[in-house]
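Have a look at the structure below, then the notes.
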Amino acid sequence: MSETLENVPDAALAEPLSEPMTIGVEAYVSEEYARAEGDRLWSKVWQQAARVEELPEPGDWLTYDIADDSIIVVRTAKDRFRGYHNVCSHRGRRLVDTPPGAHDARGHGRQFVCGFHGWRYGIEGDCTHVPEREDWPCGLTDERIALKQVAVGTWGGWIWINMDPDCEPLRDYLEPAASLLDPFQLENMRYRWRRWLVFDCNWKVAFEAFMETYHVPYTHPEFMKFGGFLGWARSHGRHSNIGYDAPKSMDENQAKLRLGTGDDPRVSTADLQRFTWENANTNTTWTLVEVAQELVKDLPEGTPAPEVLAHWLSTARAKDAERGVVWPSVPPEITAKAGTAWQIFPNFQIGHAPNNMLCYRFRPYGHDPDRCVFEAAVYELFPPGEEPETEWIHTPEDDPGWRTVLPQDFSNMAAVQQGMKSRGFSGPKPNPYRERSVVNLHRNLAEYMGTGAPRDLA
């Protein structure tokens, strides 16, 4: 099943970054580059740190670590969050230690106490107690010893942090992704499950494994019996998004909730939904699975695909509404433009739908270019008060909790990291239509890092 530029629409080739390009390997394998990311990248960008609902009460806090930095995010009031560098201003000890093997540290209280010399800080960041403070005749001002703040904002139900005191507003940073995703009301979704592990590849290798559909026929061939899974990638400034190719009469099928194709879309959709639920537990809900199983009974043979799609989604929407789950109404043109997933620069992916989403976050593992922290979470809409209690579960790559689909991606990620170091490899050459998101990532990285910009392949 080969793919050439002859198959790509002329309009797609006219989009930015559509010319064939190549990327150097330094960003993936260089320890020097990995160390420089801390100063040039992570200290300058907005990063998703947590969900709002994870800190429901004033005094609730958690930590978010990136490279050498650790940030404490705390809810200080009903409608306010603050973020602080997780370090005592006295001698530099971290105020909060992450338990060995834990995803992060969490707690509740009105103060943080340094375990070294007992300095105390309120959740508003002020230093409330210095033992024997009278020994400092001058210089120990309240401003000098307060916790150093980081910028904090909320969007989509997430808490975002930025360590740059001169950073642009969060909303401006997120555009145009924010405006195209707002209709999906992502803030109303809650975790269904969430897992993480330390993986043997660079964080960019991991991210790139999920930001295109070009790999689907070859990494996940079992999906091809349900229809075509190739799609487009588009650049949007800092960010990018991907979606499925679809006929003009079925623009909505560019999105995540899509039909199976073939001779009978009723049957293939039922099979696709059941397979996805059992083998990935992502990109669907039990309501969608159940309604799909009834399509053959509800619709006559030969029903056109657009009618099958409309019936499936409207029936699932109505069935969910009966149990108190209200889907947002997303205009079809927004559904088509939004696609299946957004790559939020530099390290977060939102795979959205009206009633569920699959999100990934990718972080460096210290300064080791060959390892990363990989996190996957599935969210959906639940009846009020029936949201499941979840936590970040450390899940080794061979754990059956990943089911069967994600491990197929894992097998590529580690192998790519190894291959990047080969003397026989001259650098990635992304598909100009289907992998434009990969080129866009490195174009943006180069603006921050000062090196590694994609080059013309010609």
Side-chain angles (χ1 to χ4, degrees), residues 45-56 60 62 64 66 71 73-75 78-83 104 150-162 167-194 196 207 210-211 234 236-243 255-257 282-283 285 325-331 334-363 375-382 384 387-388 390 392 437 441 444:
V45 293
W46 282 98
Q47 301 170 62
Q48 182 271 112
R51 288 290 287 182
V52 168
E53 63 268 18
E54 293 184 77
L55 303 177
D60 289 342
L62 55 74
Y64 171 73
I66 187 76
I71 307 299
V73 180
V74 56
R75 185 189 283 268
K78 180 181 178 180
D79 299 317
R80 187 175 69 221
F81 297 92
R82 286 197 170 177
D104 51 45
V150 302
V152 175
T154 60
W155 172 82
W158 288 285
I159 305 170
W160 303 73
I161 64 97
N162 194 317
C167 64
E168 67 184 297
L170 173 63
R171 180 76 191 202
D172 294 347
Y173 182 91
L174 291 174
E175 291 294 0
S179 290
L180 278 168
L181 290 175
D182 277 344
F184 291 86
Q185 300 178 15
L186 307 181
E187 64 275 9
N188 294 330
M189 298 190 193
R190 297 294 181 266
Y191 289 117
R192 187 166 85 212
W193 61 259
R194 41 182 165 156
W196 73 285
F207 197 175
F210 299 96
M211 63 168 63
R234 296 171 183 151
H236 301 273
R238 286 191 186 92
H239 318 299
S240 60
N241 72 334
I242 58 176
K256 187 163 64 173
L257 301 185
T282 63
N283 298 339
T285 68
V325 173
V326 180
W327 297 18
S329 295
V330 183
I334 295 296
T335 298
K337 290 179 181 178
T340 65
W342 278 84
Q343 295 76 48
I344 304 299
F345 183 79
N347 67 325
F348 186 45
Q349 178 157 298
I350 303 171
H352 55 282
N355 66 341
N356 75 95
M357 61 180 169
L358 166 62
C359 296
Y360 301 113
R361 184 171 63 182
F362 312 87
R363 290 183 285 163
E375 299 155 319
V378 168
Y379 309 70
E380 70 173 89
L381 295 173
F382 294 97
E387 303 87 352
T390 67
W392 285 107
S437 48
L441 171 64
N444 282 289

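Residue numbers count from 1 along this sequence. Values below: all heavy atoms of this structure, side chains included; hydrogens, waters and symmetry mates excluded.
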Q) With no hydrogens and no angle check, is any side-chain donor or acceptor of Ser437 less than 3.5 Å from a backbone partner on Met211? A) yes
Q) How long is the span from the CD1 atom in Ile350 to the OG1 atom in Thr340, to the nearest 0.5 Å? A) 12.0 Å
Q.
Strictly below 4.0 Å, N to O, side chains only: are Glu53 and Arg190 in salt-bridge contact?
A. yes
Q. Do you know which of His352, Lys337, His236, Gln343 makes side-chain hydrogen bond (donor to acceptor under 3.5 Å, both in side chains) with Asn241?
A. His236
Q.
If you define the side chain from C-beta out and look only at heavy atoms, does anything of Val73 sit under 4.5 Å from Ile161?
A. yes
Q: Compute the centroid of each ring, for Phe345 and then for Trp46, and state whether the two points are separated by less than 6.0 Å.
A: no
Q | Flag, side chain of Glu375 to backbone of Arg194, donor-acceptor distance under 3.5 Å | A | no
Q. Taking all atoms of both residues into account, what is the closest heavy-atom pair of Pro56 and Asp60, and its distance?
A. CD-OD2, 3.1 Å
Q. Hey, does the side chain of Gln48 reach the backbone of Ala50 with a donor-acceptor pair shorter than 3.5 angstrom?
A. yes
Q. Would you call the rings of Phe362 and Tyr360 parallel, tilted or perpendicular, where under 30° means parallel and over 60° means perpendicular?
A. tilted
Q: Indicate the atoms forming the closest heavy-atom contact of Leu441 with Pro346, along with that distance.
A: CD1-O, 3.9 Å
Q: Indicate the atoms forming the closest heavy-atom contact of Pro354 with Trp327, along with that distance.
A: CB-CE3, 4.1 Å
Q) Are Tyr379 and Thr390 close enough, and set up right, to give a side-chain contact (heavy atoms from CB on, under 4.5 Å), and what steps lead you there? A) CA-CA 11 Å; Tyr379 309 70; Thr390 67; over 6 Å; no
Q: Supply the atom-to-atom distance Arg363 CZ to Asn347 CG, rounded to the nearest 0.5 angstrom.
A: 8.5 Å
Q) Do the side chains of Trp155 and Val52 get nearer than 4.5 Å, heavy atoms only? A) no
Q | From Arg192 atom CZ to Leu381 atom CG, the distance as rounded to the nearest 0.5 Å | A | 11.0 Å
Q) Would you find a donor on one side and an acceptor on the other, under 3.5 Å apart, between the side chain of Glu54 and the backbone of Arg51? A) yes
(Q) Counting C-beta onward and ignoring hydrogens, is there a side-chain heavy-atom pair between Leu170 and Asn162 closer than 4.5 Å? (A) no
**Q.** Side-chain heavy-atom pair Cys167, Tyr173 within 4.5 angstrom cut-off
**A.** no
Q. Within a strict 4.5 Å, meaning less than it, do heavy atoms of the Pro388 and Tyr191 side chains meet?
A. no
Q. For the atom pair CG (Leu174) and NE2 (His239), what is the distance rounded to the nearest 0.5 Å?
A. 5.5 Å
Q) Rounded to the nearest 0.5 Å, how far apart are CZ of Arg238 and CD1 of Ile344? A) 11.0 Å
Q.
Within the 4.5 Å heavy-atom criterion, are Ser179 and Arg171 side-chain neighbours or not?
A. yes
Q. Taking side chain as C-beta onward, heavy atoms only, is Phe348 less than 4.5 Å from Trp160?
A. yes
Q: Rounded to the nearest 0.5 Å, what's the gap from CG on Leu55 to CG on Leu62? Could you check?
A: 4.5 Å
Q) Between Val378 and Glu380, does a side-chain contact (heavy atoms from CB on, under 4.5 Å) hold up when you go through it step by step? A) CA-CA 7 Å; Val378 168; Glu380 70 173 89; 5.7 Å; no
Q: Check whether any side-chain heavy atom of Ile242 lies under 4.5 Å from a side-chain heavy atom of Trp342, and answer yes or no.
A: no
